[in-house]
Undergrad: 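Have a look at this one before I ask anything.
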Amino acid sequence: MAAPGSAMKHTFSSFLKQKSLKTSPTKPRGIMAVSLREVDPVFHGAGQKDGLEIWRIEKLQAVPVPRESHGRFFIGDSYVILKTTALKNGSFRHDIHYWLGKDTSQDEAGTAAIKTVELDAALGGRAVQYREVQGNETEKFLSYFKPCIIPEEGGVASGFRHAEVNEREHVTRLFVCRGKHTVHVKEVLFARSSLNHDDIFILDTKSKIFQFNGSNSSIQERAKALEVVQYLKDTNHEGKCDVGAVEDGKLMADADAGEFWGLLGGFAPLPRKTFSEINGKDPAFSSKLICINKGQIVPVDCDVLTRELLDSTKCYLLDCGSEIYVWMGRETLLEERKRAGSAAEELLREGNRSKSHVIRLMEGFETVIFRSKFSKWPKKADAIVSDESRGKVTALLKRQGLNVKGLAKAAPVKEEPQPQIDCTGNLQVWRVNGSEKAFLSFSEQCKFYSGDCYIFQYSYPGDDGEECLIGTWFGKKSVQEERTTAISFSSKMIESLKFQAVMVRLYEGKEPAEFFSIFQNLVIFKGGVSTGYKKFVSENSIEDDTYSENGVALFRIQGSGPENMQAIQVDTVTTSLNSSYCYLLHDGDTVFTWIGNLSSSMDQELAERQLDVIKPNLQSRMLKEGSEYDQFWKLIGVKSEYPSQKIAKDQESDPHLFSCTFSKGVLKVGEIFNFTQDDLMTEDVFILDCHSCVFVWVGQHVDTKMRAQALSIGEKFLELDILMENSSQEMPVYIITEGSEPQFFTRFFIWDSAKSAMHGNSFERRLSIVKDGVKPKIDKPKRRPTASSHTGRSSVPDKSQRTRSMSFSPDRVRVRGRSPAFNALAANFENPNARNLSTPPPALRKPSPKPISPESAKPPPRAASIAAISASFERPRPTLIPKSIKASHDANKPQLEASKPRPEVNGKESTPAKDSPTLTPMIQEDVKEGQAEDEKGLAVYPYERLRTSSTNPVTDIDVTRRETYLSVAEFRERFGMAKEAFAKLPKWKQNRLKIALQLF
């Protein structure tokens, strides 16, 4: 083979300038030049929907190929293939390939290359273009036509060549298959001499298909080749023929082997591959950058490739040996781009490099591999460039009279991925304390500290039994020693469960939706209480800022609803505020709720709910942004500017699947395009990257040493930043073992859980399907109960004691956040024979209040016990009412009366249990918004006495509901509406009106 660079001395010598190029600065010209004469009308409207579009070159023109013929290629033809992919951000990605059959004419091949450039221009110069040669296609191209393509004899008639398609009966053919993840299939001479020990061969006879497995081939290669066998069986035999597997080295003792060798004239020793075949790859090649400018080719003299060397007004060739990249500046003419592509083709011909690929790409749409060839490539900005280009091309084509349907985007994906996990399970949490772990009680397991590390185990019902998620959570200021301890404990827990649980490593601030759905009502305090954190603070003379309920603290409230809300303690300074959030600020027993101008009514509701957790027995003073009290600013500091936009989180993007090998700390990965579940081989480790998190999938047949390194593989992957997205190394990393895949992983596939639970290795599983046409027996061990693992017993003995809501059941009734005292009080009502609290509670009809009578004032036995229990939880603040019950309709009555059991009245739920003569009581919480209240039995007072600034205030009233004591007429006069209309307002609007009237 000629040296890769020798071609430049021949065809190019006439216009090659042997001098270094001094790159001139880029001069923006606004819009790339596109001529109507150079855009084939057949491409108008192409690339507007997800999928494949194919054109065949016929008489030097591009002719669309019917969809039913996609995947059929003739060796005498050339094709242009467009793959359009709709991305999650609403835009389209375009990949254009031109495929050249081995017998196609040079004119057809040249036409295909030119038409590819025209198609790219019609798409706005967005596409990456690939040159595909029969027998040496890229893996991306082959992934469109899984499991393989097998080109057929013949071709269409053209002005330069004519080939007839031979219609014939079945002919015995021999194919060689190569590839572990994508299969390259090539027909070879039907002879024993074609076989070798390194590859896999398929012999397709009239009545039977044989697969011969070379002794040096891998299990994964054999399994992939069986997909080709299945394809041949379905295509050539209508799915009805026998299949035999022949192992290299087995002689006549095996029936299939005897029959196979008989067809080849008997067994004989196989030849070994030649040296050139074994070392088919190019030797070490030093990349060369070449500039193409005004028909001249000039090498660029540089020691290090940098982005600054590329001028937007020129085209460049980057010769990497096995690939030649054609980089086209956005301000180049269409004709210049065509010449650059032709120059790359000529470079291949002159250098006798038929196996090298040509990849053409436009400025702003470079591939990851191309960018990786340069030192410190600047961050990519896809959306801005693509929108501008597409709009300009559309406008230009319309001005020239084209009937352009519009270079539109795909419909944007508006909804964010919902947490794909059942939230009715059992949660256990431990705090790492030095080299030990301390179990947290139910009332403390949703209260984290930024200086500590935590381990949680969450078991929940899944499709195939009990599922389990074991995770570690690292606070921002946690110490490395305790992080290591947390990983060690969680790994032992996974191992004790025989790797049938999912493991996840989380950092504060990078938690996924599933985490918040599991914890539902999470509070994160500053500082820490672990021995490791305290020791670190002491040894480094750092101020300990651990949260104190008697001190000053500021909390940002965030979340999407009652089932997903968090209170995050932030620095008590003005810059911590954000107009898009609500905040709680307390100084001991003085509490403020700060409402940002851009916050929603849901944000305000969540702030009220979180107050129940942080300060359950206190009233809060509501402050609208811009109307703060001086006392508020004294606590938070001097006024200054603060942000108004919501804090950006890593958004989930289009997933990428990588196969990987990990040896001696070195990670090597290869992307699998257009992946499916069948690409996950049980002998390998795979990484699924969706930008917001990384999944490391470990097959059942992976060796123990590699399995133990799964987390290190995930962390190494983040460190390498394979996709060059500047991803955070604190991104969540999940470790998933085959057979234990959770729904938040399988949603990226069309998933069949039976496939990951089959007997045998990849080859044995696939062979059983191909030969028998059915799936093999499932050998999936039953998952052992996990609720009591490592603790002896759960903090919540019965799941019914853990009230949770299904994240995918929006119709379920949500229960507002409660304080620990309120939870304990509610638990006392629960009848052990009654319904499980994990199910939706029955609807309650709100009873009308009744006048207080001597009979009603007598506490029944059960009410008396409730009063005693609740008294043990409430602080002695006679003038305050616990927030968790303050808005109850009967809050103005004596406590014993208000806490009388209320019967349930919804269908079957209201029927008493057989073993119990009484109904299961329900504690009614806040009156729902939009539900008018009956005020019978309430005393009426004038407005002047109900005001908070009154000199003669009314005593013995519910101070949180002053407006209810107004007469109907005075209420309408003061509020400008009836009481019923006021009750329908959102809570925050009610409070705002009450503040204005000094009734809050």
Side-chain angles (χ1 to χ4, degrees), residues 75 101-103 133-137 142 147-154 166 168-180 182-237 240-281 354-355 761-764 766-767 770-771:
I75 64 175
K102 68 181 182 66
D103 292 337
V133 178
Q134 180 183 342
N136 194 43
E137 296 88 353
L142 292 176
C148 65
I149 60 170
I150 302 178
E152 303 176 31
E153 294 289 335
N166 296 321
R168 60 191 180 188
E169 294 184 357
H170 183 86
V171 175
T172 298
R173 305 166 74 185
L174 183 65
F175 302 93
V176 60
C177 299
R178 299 187 179 101
K180 181 177 177 180
T182 305
V183 185
H184 294 258
V185 181
K186 179 182 178 182
E187 185 173 1
V188 295
L189 179 66
F190 175 38
R192 186 174 54 206
S193 59
S194 298
L195 305 179
N196 61 57
H197 297 292
D198 302 290
D199 295 320
I200 297 167
F201 296 83
I202 296 175
L203 179 60
D204 183 12
T205 70
K206 187 173 183 179
S207 60
K208 192 170 185 176
I209 302 176
F210 298 88
Q211 176 170 315
F212 174 83
N213 300 319
S215 57
N216 296 333
S217 63
S218 68
I219 292 175
Q220 297 93 320
E221 291 175 313
R222 299 177 187 185
K224 276 296 175 184
L226 280 173
E227 295 181 10
V228 179
V229 171
Q230 183 70 61
Y231 170 77
L232 293 172
K233 180 179 178 181
D234 295 337
T235 304
N236 298 342
H237 303 272
K240 299 176 182 178
C241 74
D242 294 331
V243 174
V246 180
E247 297 298 325
D248 186 8
K250 289 187 177 180
L251 304 182
M252 306 301 290
D254 182 85
D256 287 335
E259 189 176 353
F260 173 79
W261 289 113
L263 292 170
L264 291 170
F267 173 79
L270 300 181
R272 297 188 178 276
K273 283 187 175 181
T274 64
F275 180 81
S276 60
E277 289 176 317
I278 296 174
N279 298 276
K281 294 185 178 180
S354 60
K355 291 187 177 181
N761 58 36
S762 298
F763 174 71
E764 293 166 342
R766 176 59 60 178
L767 181 61
V770 173
K771 292 182 69 172

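Remember, it's a predicted structure, so these values are computed and weren't measured experimentally.
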Undergrad: Report the distance from atom CG of Leu263 to atom CZ of Arg192, rounding to the nearest 0.5 Å.
TA: 12.5 Å
Undergrad: Between atom CD of Glu187 and atom CD1 of Ile75, what is the distance when rounded to the nearest 0.5 Å?
TA: 9.0 Å
Undergrad: Are side-chain heavy atoms of Phe190 and Val171 found at a separation under 4.5 Å?
TA: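 Sidechains of Val171 and Phe190: no contact.
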Undergrad: For the CG atom of Asp242 and the CD atom of Glu259, what is their distance to the nearest 0.5 Å?
TA: 8.0 Å
Undergrad: State, yes or no, whether a side-chain contact exists between Lys233 and Val243 at a heavy-atom distance under 4.5 Å.
TA: yes
Undergrad: Just so I know, are the side chains of Asn216 and Asp248 near enough to count as touching, which here means a heavy-atom distance under 4.5 Å?
TA: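 No. Closest side-chain heavy atoms not under 4.5 Å.
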Undergrad: Can you list the residues that meet the side chain to side chain contact (heavy atoms under 4.5 Å, CB included) rule with Cys148, with sequence neighbours excluded?
TA: Ile150, Val185, Val228, Tyr231
Undergrad: Compare every heavy atom of Asp256 with every heavy atom of Ala245, then report the nearest pair and how far apart it is.
TA: N-OD2, 3.7 Å
Undergrad: May I ask you to decide if Arg222's main-chain N or O and Gln211's side chain share a donor-acceptor pair within less than 3.5 Å?
TA: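 A pair under 3.5 Å: yes.
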Undergrad: Nearest 0.5 angstrom please: Leu189 CG to Leu195 CG, how far?
TA: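 Separation between the atoms: 10.5 Å.
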Undergrad: Checking Glu764 side chain against Asn761 main chain: does a donor-acceptor pair fall under 3.5 Å?
TA: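 Yes, Glu764 side chain to Asn761 backbone: donor-acceptor pair under 3.5 Å.
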Undergrad: Mind running side-chain contact (heavy atoms from CB on, under 4.5 Å) on Arg766 and Val229 for me, showing each step along the way?
TA: CA-CA 10 Å; Arg766 176 59 60 178; Val229 171; over 6 Å; no
Undergrad: Could you grab the distance from atom CG of Asn213 to atom CG of Leu226, nearest 0.5 Å is fine?
TA: 7.0 Å
Undergrad: Check the angle between the aromatic planes of Trp261 and Phe212 and answer parallel, tilted or perpendicular using the 30° and 60° thresholds.
TA: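 It falls in the perpendicular class, over 60°.
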Undergrad: Could Lys224 and Glu227 be called an ion pair, given the rule that one side-chain N must be under 4.0 Å from one carboxylate O?
TA: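 Glu227 and Lys224: salt-bridged.
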Undergrad: What's the shortest heavy-atom distance between Cys177 and Ile202, and which atoms?
TA: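 Heavy atoms of Cys177 and Ile202 come nearest at SG-CD1, 3.5 Å.
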Undergrad: I'd like to know if Asp199 and Arg178 make a salt bridge, using a cut-off of under 4.0 Å between side-chain N and carboxylate O.
TA: yes
Undergrad: Between Leu264 and Ala191, what is the shortest heavy-atom contact and its length?
TA: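 Distance-wise, the nearest heavy atoms are CD2-C, 4.1 Å.
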Undergrad: NZ of Lys186: more than 12 outside heavy atoms within 6.0 angstrom?
TA: no
Undergrad: Okay, side chain of Glu137, backbone of Leu142: is any donor-acceptor separation there less than 3.5 Å?
TA: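 Flag not set: sc Glu137 to bb Leu142 has no pair under 3.5 Å.
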Undergrad: Roughly how far, to the nearest 0.5 Å, is NZ of Lys206 from NE2 of His170?
TA: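 The distance works out to 8.5 Å.
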Undergrad: Would you say His237's side chain and Ser207's backbone share a donor-acceptor pair under 3.5 angstrom?
TA: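 Pair absent, no side-chain N/O of His237 close to backbone of Ser207.
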Undergrad: Does the side-chain contact (heavy atoms from CB on, under 4.5 Å) test come out yes or no for Val183 and Ile200, once each step is laid out?
TA: CA-CA 11 Å; Val183 185; Ile200 297 167; over 6 Å; no
Undergrad: So Leu270 and Asn196, do their side chains get closer than 4.5 Å, heavy atoms only?
TA: no
Undergrad: Between Val176 and Ser194, is there a side-chain heavy-atom distance shorter than 4.5 Å?
TA: no
